[in-house]
Structure formats: C-alpha cells, structure tokens
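This report refers to the structure that appears directly beneath it.
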Amino acid sequence: MPDSSAATSRSRPCVAVRRLSPVRPPRVRGAGHDLHHTASGRSAAVSYYSAPSGSHFAISARELLEFVRLHLTDPALAALREPQVGSVPDFGGGVIGWGLGWMLYRDGVVGHTGVSKGQKAFLRVVPSAGVAVAVLTNSSGGEPLAYEIFDAVLKELAGVETAPLPVPPSNPARIDADRMCGTYRSTLYDFTLTSEHDRAFLSYHPRNDIAATLLGGPGKRVEVVRLNDSSIITAEPRSGGHQVLSLVGCDGRGRARFLHDGAAAYRIS
C-alpha cells in the first residue's frame, strides 16, 4: 500500500518465532516460567508475564540445527522460505526480503536474528547446500563474532560469501534534513533526528520505565551520518557494530513517514 511500512512482528505464534530466536532458559519455576513441550518434542521454557513477545524458547545450538533439518527435509516447509515482502528497509544486516518467519539474504541464504537484553542469537541456512550455522551469544554485541563465523564457515562449506557489517562512508554526504529530520514515535521511544552545523544527531527519549531500562538511562544522543538516500548509520560503533536506520514512506509533505530499525517509528513532528 502507498505510504505504508512493514515491520518485524512480535505477535506471531510463539513456537514458530522462538524456534528461530533462541535464548537462555530460566533457572527456576518460581520466576514465573514453566516447561512445555512443542510439537517437535523439544522443551520450551515459556515466560508468562509478557507472552508472546517476551516468551523465551530455550534451545541449544544443536537442537536449533535439528529444527532446521526438519525444514530442509520436509518439502512442504520450503514454502515458508518463499519471498513474501521483496523490498524491505535497510537495517545493515544484509536482509533483502522476508519470507514467513525467515529473513532472506543474497545467494539464497535464509536465517533469522533474535535479540534480547544481554543476548543475541543468529541463524544462517543455505538450503541448496544443506548447510546451517547457529551462533548463540550472551552479549547484545555478539554480531561481529557471528559474522566472522558465517564468513568462514559458509564460504568453506557452501561457497557463499557473507556481506560485511556496514560502516560509515569515509566521506558521507549531508543528510537530507528537509526529508529526514523530525521526531518519530514507537511503543518504547521517541526518536528525534536533528541537523546541527552540517552534523546530524539522533536522540532517544524513553517513553516508559522498560524503555529507560533497555536504554540504560533517561535518554541518549548519538551522532549519525548518511549511509545512502534512505538510510543513516551511527558514526561510532555501539553494541559491537554500527546501527543502520531507514527513513521510508512519505507523509504527503515530502518528509519521511517512518524511522525504521526493524520496528517502525511513525513521524509525529
């Protein structure tokens, strides 16, 4: 639809999403968790307080790859890897489209990336070669390690090159202030993009206590530069790499309608 935007949905069925977003299991039942069994016979630790988006599907890397095996050996599941959205905002991770639960990358690679505070998990699969790599980290800054592993393993076993993580241009153009600057709102934050003396800054303003906890304080301001016609990138690395945000859509006045980092924040001014 014109002037619309797609975003990662955290309201999909818990089991389908958590299979591709593994995190550490909770330690005790008294913390509000219980153990359930999935249709595949795996054990899932479910967090009741914030299901579905806060539910934690606990799985080891080995079990995650067994789950991938099910997808690669059942022809009916190949339909989930067919493109459903072919033009997606640039978040710097190399995603060129979305299937059903799968992120689509170049050279026929599919996968998913799951993140929670203090942990990040990565999965990349080359169906044509029968190769899958899972990297589970206990750090939200684990991306450089994961990409180093993907680059080495997928190249050796599947002949596939992994696109490097994005970095700012050596001589970036100025941002399109008339189109890009403004304040954008998501469920967690208000983001304000400003241009000051040929430099650009993105300010994060948490809208609730949860957002402030995730942010680590009452607010944050980072310098950003123009990456391309529709994206900006943080000037300095954070959490192990540079964050890319896209400005997409049009508000009818020539300004971007959404600031997009996987979740779409809509323009409010």
Side-chain angles (χ1 to χ4, degrees), residues 8 10 12 14-36 38 40 42-69 91-95 101-103 105 109-125 131-154 162-167 188-189 204 206 209-217 220 222 234 236-244 261-263:
T8 300
R10 288 174 172 83
R12 297 169 183 160
C14 288
V15 171
V17 175
R18 294 307 162 247
R19 282 172 171 172
L20 298 176
S21 301
V23 294
R24 292 180 295 179
R27 292 192 295 268
V28 294
R29 172 64 178 88
H33 301 82
D34 200 355
L35 200 63
H36 294 271
T38 69
S40 63
R42 308 290 179 202
S43 295
V46 178
S47 173
Y48 294 127
Y49 66 91
S50 55
S53 63
S55 300
H56 290 177
F57 188 87
I59 195 170
S60 69
R62 184 180 297 276
E63 287 189 318
L64 178 58
L65 294 178
E66 286 294 329
F67 171 74
V68 172
R69 187 194 301 275
F91 310 131
V95 177
W102 291 100
M103 296 175 177
Y105 302 83
V109 178
V110 301
H112 202 89
T113 298
V115 61
S116 182
K117 187 174 183 181
Q119 52 204 3
K120 199 163 187 178
F122 308 84
L123 175 67
R124 298 294 183 270
V125 184
V131 174
V133 183
V135 181
L136 314 184
T137 71
N138 62 351
S139 168
S140 58
E143 205 156 25
L145 170 64
Y147 273 68
E148 183 178 347
I149 293 172
F150 292 147
D151 185 53
V153 176
L154 295 182
T162 299
L165 290 170
V167 295
L188 291 177
Y189 306 103
Y204 296 71
D209 291 341
I210 293 176
T213 299
L214 292 172
L215 196 62
K220 182 170 62 175
V222 298
T234 53
E236 299 296 330
R238 51 192 296 259
S239 297
H242 295 270
Q243 184 182 14
V244 175
D261 66 348

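Across Ala121 and Leu136, no two heavy atoms sit closer than the pair CB-CD2, 3.7 Å. Contact between Ala211 and Leu188 at its shortest, heavy atoms only, is CB-O, 3.2 Å. Taking each heavy atom of Ala146 and Phe122 in turn, the nearest pair found is CB-CD1, 3.4 Å. Nearest approach of Thr234 to His242, heavy atoms of both residues: O-ND1, 2.8 Å. The two residues Thr137 and Gly142 have their closest heavy-atom pair at OG1-CA, 3.9 Å.
Atom NE2 in His112 sits 9.5 Å away from atom CZ in Arg124 (nearest 0.5 Å).
Residues forming a side chain to side chain contact (heavy atoms under 4.5 Å, CB included) with Val153 (at least two apart in sequence, or on another chain): Val133, Ile149, Leu157. The side chain to side chain contact (heavy atoms under 4.5 Å, CB included) search around Ala134 returns Ala61, Leu64, Leu65, Leu123, not counting sequence neighbours. Here Arg69 pairs with Glu66 under the salt bridge (charged side-chain N to carboxylate O under 4.0 Å, His left out) rule; sequence neighbours left out. Qualifying side chain to side chain contact (heavy atoms under 4.5 Å, CB included) partners for Leu215, counting only residues two or more places apart in sequence or in other chains: Tyr189, Tyr204, Pro206, Lys220.
Counting heavy atoms from C-beta outward, Val135 and Phe150 have side chains that approach closer than 4.5 Å. Taking 4.5 Å as the limit, some side-chain heavy atom of Val125 sits within range of a side-chain heavy atom of Trp102.
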Given the rule in the side chain to side chain contact (heavy atoms under 4.5 Å, CB included) test, do Thr113 and Lys120 qualify, once you have shown the distances and angles that lead to the verdict? CA-CA 7 Å; Thr113 298; Lys120 199 163 187 178; 3.7 Å; yes
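Counting only residues at least two apart or on different chains, no salt bridge (Lys or Arg N to Asp or Glu O under 4.0 Å) pair has a member in residues 131-140.
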